[in-house]
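Worksheet for the structure shown next.
Within every chain, numbering begins at 1; the chains are lettered A, B, ... in the order of the sequence lines, protein sequences first and strands thereafter.
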2 protein chains.
Amino acid sequence: MDKQTVTIYDVAREANVSMATVSRVVNGNNNVKPATRKKVLDVIDKLDYRPNAVARGLASKKTTTVGVIVPDVTNLYFSALARGIDDVATMYKYNIILTSSDSNGEKEVTVLNTLLSKQVDGIIFMGNNITEELREEFKRTKTPIVLAGSIDDEQIQPSVNIDYAAAVQEEVKSLIDRGNKRVAFVCGPLDQPINSKYRLRGYKQALKEVGIPFDDKLVFETDNSYKTGTLLQPALVSAKATAAMVTDDELAAGIVNGMTDAGVNVPGEFEVITSNDTKLTEMVRPKMSSITQPLYDIGAVAMRLLTKLMNDESIDDKNVILPYGLMKRDSTK
Amino acid sequence: MDKQTVTIYDVAREANVSMATVSRVVNGNNNVKPATRKKVLDVIDKLDYRPNAVARGLASKKTTTVGVIVPDVTNLYFSALARGIDDVATMYKYNIILTSSDSNGEKEVTVLNTLLSKQVDGIIFMGNNITEELREEFKRTKTPIVLAGSIDDEQIQPSVNIDYAAAVQEEVKSLIDRGNKRVAFVCGPLDQPINSKYRLRGYKQALKEVGIPFDDKLVFETDNSYKTGTLLQPALVSAKATAAMVTDDELAAGIVNGMTDAGVNVPGEFEVITSNDTKLTEMVRPKMSSITQPLYDIGAVAMRLLTKLMNDESIDDKNVILPYGLMKRDSTK
DNA sequence: GTGAAAGCGCTAACAT
DNA sequence: ATGTTAGCGCTTTCAC
């Protein structure tokens with residue numbers, strides 16, 4: 001029995017009703033007599049009819065599909081967000097087209113347009129360098145786009161984040177209070193506002209609060225990779241830093257291991273605080289103290305926000321700030 | 001300027017050609033005079049026309065979208081595979097609908113059907129417990145489905161894997177050769193053939209090879225989680241095991257840390273070998289020795305295989321076995 | 001090399 | 001409560 005495509009028309013004929021009626025029962029419309037509903041359902045079952053979502057999408061202009069743009073799925077931070085997004089999407093009957101951007105501005109524009117051509121009902125964007133070009137593209141479309149765990153300088157797009165500046169400020173302050181005169185700030189690319197305008201600002205404010213002058217020799221701009229972290233020990237030590245505030249968990253894990261491998265005791269001789277509270281924080285030794293972010297929730301709330309936008313529901317606050325916390329583990333005194 | 005949808009018809013009229021011609025230039029069909037091509041291209045540019053992929057999908061019966069079913073994106077093993085899949089998909093102009101199944105058989109069937117209703121051109125499935133029901137669903141559809149890093153007992157679906165049995169056998173053998181009389185086998189659920197029929201078989205064969213009787217007290221069936229790993233130390237020690245062959249990196253990381261935290265030296269008093277060679281192996285201390293799998297390639301090759309299937313190209317071997325290796329790091333002597 | 005026209009499978013008025 | 005009928009925006013014969 002080679003499976004020919006069964007269409008709504010086949011079902012209609014077989015059940016002696018019109019296509020409209022079949023459509024109604026498939027879509028749960030109440031305007032159908034229970035008897036006919038049952039009859040149609042039986043035929044659907046018998047014929048093994050499965051509605052064609054593409055045709056439906058064309059007719060209704062809704063695809064129940066959302067696009068998700070992410071720098072890298074293998075990064076635990078983003079995969080945690082993705083998981084939250086996916087679960088809420090499933091809850092609301094949406095599917096997800098997942099695309100990797102490698103934080104490459106050009107590719108971001110390309111995939112954005114691909115997603116739009118596929119008529120996704122909405123988009124969740126992760127990526128921390130929103131270029132002017134990208135911002136233009138965002139503006140050009142009516143499709144709602146929300147940023148998850150990603151900062152846009154101009155708060156024009158809806159977004160879900162934590163208060164990165166305050167969190168860093170608080171952690172750096174605690175490091176200083178514990179006697180660290182020279183706290184390094186180890187971050188990802190400074191062309192990303194999340195690093196330069198938020199986290200670094202928090203760092204500076206902590207210094208200012210206690211009257212320590214800012215020293216740019218203590219700022220280490222990196223690529224956020226584990227490997228880079230492992231190589232940072234000599235530079236950190238020669239800068240006379242005794243602690244580091246780090247903006248990424250893999251990077252921080254690299255630093256912790258690099259220190260330990262070089263015979264520097266963490267936290268005894270060097271304290272490390274990281275930023276994302278991924279499961280990696282528990283897996284390295286010593287376990288890493290971290291700013292805690294509700295990663296799953298950031299994704300989940302972003303997706304929930306997007307569903308509202310897609311349904312033209314009213315939004316109380318389009319730039320959501322979720323609470324952060326501080327988790328003391330063993331990489332700090 | 002509120003963006004109204006520009007259709008192929010608008011372009012046709014504005015360029016004084018027929019829809020068919022516009023369609024031809026959009027699709028790179030050669031039967032268009034260079035002059036008219038240019039004219040059309042100019043109008044497309046001017047009107048900012050973007051083809052509607054949904055309409056195209058309905059008309060052509062191809063969506064250039066493939067479905068990917070994965071147990072959990074936050075698992076480094078699967079996200080590595082996903083990355084390979086995504087890159088090759090992009091290369092071949094496909095997009096990916098990514099769905100999480102939580103290794104839940106029911107959900108797997110549901111999402112499979114959702115993907116089929118969305119008319120994906122093909123599917124990549126990851127998940128190690130292919131139930132009879134799932135197998136039925138696979139059979140019912142003409143849509144090609146390939147398994148990536150996942151074993152189906154009956155080799156009916158195309159798939160990409162390594163030789164799990166041989167790899168485990170080889171590693172366990174090396175453990176025994178180094179003097180470990182009692183090597184534990186710590187694995188994920190044994191209802192998954194990849195564990196029970198392949199890896200466990202490899203383990204048993206290694207024992208047999210050297211004449212050590214199999215002792216089921218040395219088999220530890222777990223849920224593959226880090227947490228579980230950290231809790232395993234007492235049981236492992238009281239079973240008098242001096243080494244463990246572990247089937248998942250997070251699980252293995254838990255064991256290594258659990259041992260260390262309990263004062264058991266790894267590898268001095270207890271050796272650990274893991275199976276997936278994710279980046280986690282380098283991040284724990286001691287670094288974990290592992291079977292090496294070409295994770296990215298498994299995904300990439302699976303996707304490449306799928307493209308061939310989708311184009312009805314001939315396949316030389318539908319059950320691909322990629323080479324594995326053994327990487328000695330610091331969790332073994 | 002180009003155009004006309006018939007669908008693809010469904011939804012959504014609009015009737016009845 | 002149910003049916004009729006246009007489309008949705010595109011591809012794809014089939015003519016010319």
Side-chain angles (χ1 to χ4, degrees), chain A residues 3-41 43-44 47-65 93 114 116-121 142-143, chain B residues 3-41 43-44 47-65 93 114 116-121 142-143:
Chain A
K3 184 120 311 239
Q4 285 307 114
T5 358
V6 185
T7 75
I8 198 173
Y9 181 72
D10 300 322
V11 177
R13 199 183 25 187
E14 187 79 10
N16 281 314
V17 295
S18 71
M19 290 165 55
T21 299
V22 178
S23 178
R24 285 187 189 100
V25 349
V26 167
N27 292 298
N29 184 318
N30 268 332
N31 284 10
V32 185
K33 211 179 353 178
T36 45
R37 175 185 305 280
K38 173 158 185 359
K39 186 171 59 177
V40 171
L41 251 18
V43 174
I44 286 178
L47 262 43
D48 197 22
Y49 166 69
R50 180 189 286 140
N52 180 324
V54 173
R56 186 185 289 198
L58 183 58
S60 70
K61 298 181 172 298
K62 290 197 177 321
T63 54
T64 62
T65 302
K93 312 281 184 213
T114 307
L116 292 174
S117 79
K118 295 225 166 168
Q119 314 300 118
V120 294
D121 297 337
K142 284 238 151 290
T143 308
Chain B
K3 186 122 309 252
Q4 286 305 116
T5 359
V6 182
T7 75
I8 198 172
Y9 181 72
D10 301 321
V11 177
R13 199 182 25 186
E14 186 78 10
N16 282 314
V17 297
S18 71
M19 291 164 55
T21 299
V22 178
S23 177
R24 285 187 190 101
V25 350
V26 167
N27 291 297
N29 184 316
N30 269 330
N31 283 10
V32 185
K33 213 180 351 179
T36 44
R37 175 184 305 281
K38 171 156 184 5
K39 187 171 57 177
V40 171
L41 251 18
V43 174
I44 286 178
L47 262 43
D48 197 22
Y49 166 68
R50 181 189 285 139
N52 180 324
V54 173
R56 187 185 289 200
L58 182 58
S60 71
K61 299 183 171 299
K62 289 196 176 320
T63 55
T64 61
T65 302
K93 311 282 185 212
T114 306
L116 292 174
S117 80
K118 295 226 167 168
Q119 313 300 119
V120 294
D121 297 336
K142 282 239 151 288
T143 307

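Closest approach of A:A15 and A:V43 over heavy atoms only: CB-CG2, 3.7 Å. The nearest pair of heavy atoms linking B:D121 to B:T64 is OD2-N, 2.7 Å.
Counting heavy atoms from C-beta on, the side chains of B:V6 and B:D48 never come closer than 4.5 Å. In this structure, the side chains of A:T7 and A:N52 stay at 4.5 Å or more apart for every pair of heavy atoms. Within the 4.5 Å cutoff, the side chain of A:L116 has heavy atoms near those of the A:T143 side chain. The closest side-chain heavy-atom distance from A:N29 to A:R37 is not below 4.5 Å. Considering only heavy atoms from C-beta on, B:T63 comes within 4.5 Å of B:Q119 through its side chain.
Nucleic acid contact for A:D10: none, since no nucleic acid atom lies under 4.0 Å from a heavy atom of the residue. Residue contacts shown for A:V17 are limited to sugar-phosphate atoms, with no base heavy atom under 4.0 Å away. Nucleic acid contact for B:N52: sugar-phosphate only, since backbone atoms but no base atoms lie under 4.0 Å from a heavy atom of the residue.
On the nucleic acid side, DNA chain D contacts chain B at distances under 4.0 Å to non-hydrogen atoms, with the end points of that region at D:dG9 to D:dT12.
OP1 or OP2 of C:dG3 has at least one side-chain nitrogen or oxygen of B:T21 nearer than 4.0 Å. OP1 and OP2 of C:dT11 both lie 4.0 Å or more from every side-chain N or O belonging to A:K62. Between A:R56 and C:dG9, a side-chain N or O to OP1/OP2 separation shorter than 4.0 Å is absent. Distances shorter than 4.0 Å separate none of the side-chain N or O atoms of B:T36 from OP1 or OP2 on C:dG1.
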Between the protein and nucleotides 12-16 of chain C, list every N/O to N/O distance that falls short of 3.5 Å.
none

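Comparing A:L58 and B:V32 along DNA chain C, the residue whose closest nucleotide (by nearest heavy atom) sits nearer the 5' end is B:V32. Mapping B:R37 and A:Y9 onto DNA chain C by nearest heavy atom places B:R37 at the nucleotide closer to the 5' end.
One finds the CZ atom of B:R56 at 8.5 Å from the CD1 atom of B:I8 (value rounded to the nearest 0.5 Å).
With sequence neighbours left out, B:T36 forms a side-chain hydrogen bond (donor to acceptor under 3.5 Å, both in side chains) with no residue at all. For the side-chain hydrogen bond (donor to acceptor under 3.5 Å, both in side chains) test, residues two or more places apart in sequence or in another chain that qualify with A:E14 are A:K46.
Going from atom NZ of A:K61 over to atom C1' of C:dC10 covers 13 Å, rounded to whole Å. The distance between atom CD1 of B:I8 and atom P of C:dA5, rounded to the nearest whole Å, is 16 Å.
End-to-end axis angle of the helix from C:dG1-D:dC16 to C:dT16-D:dA1, from C1' rotation axes over five pairs per end: 30° (rounded to 10 degrees).
Between the side chains of A:T65 and B:K118, at least one donor N or O sits under 3.5 Å from an acceptor N or O.
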Anything under 3.5 Å between a donor and an acceptor, one on a side chain of residues 17-28 of chain B, the other on a protein residue two or more places apart or in another chain? List them.
residue : atom : partner : partner atom : Å
B:S18   : OG   : B:A20   : N            : 3.4
B:S18   : OG   : B:T21   : N            : 3.3
B:S18   : OG   : B:T21   : OG1          : 3.4
B:S23   : OG   : B:N27   : ND2          : 3.3
B:N27   : ND2  : B:S23   : O            : 2.8

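Side-chain proximity of B:S18 to the nucleotides C:dT11, C:dG3, C:dG1 is greatest for C:dG3.
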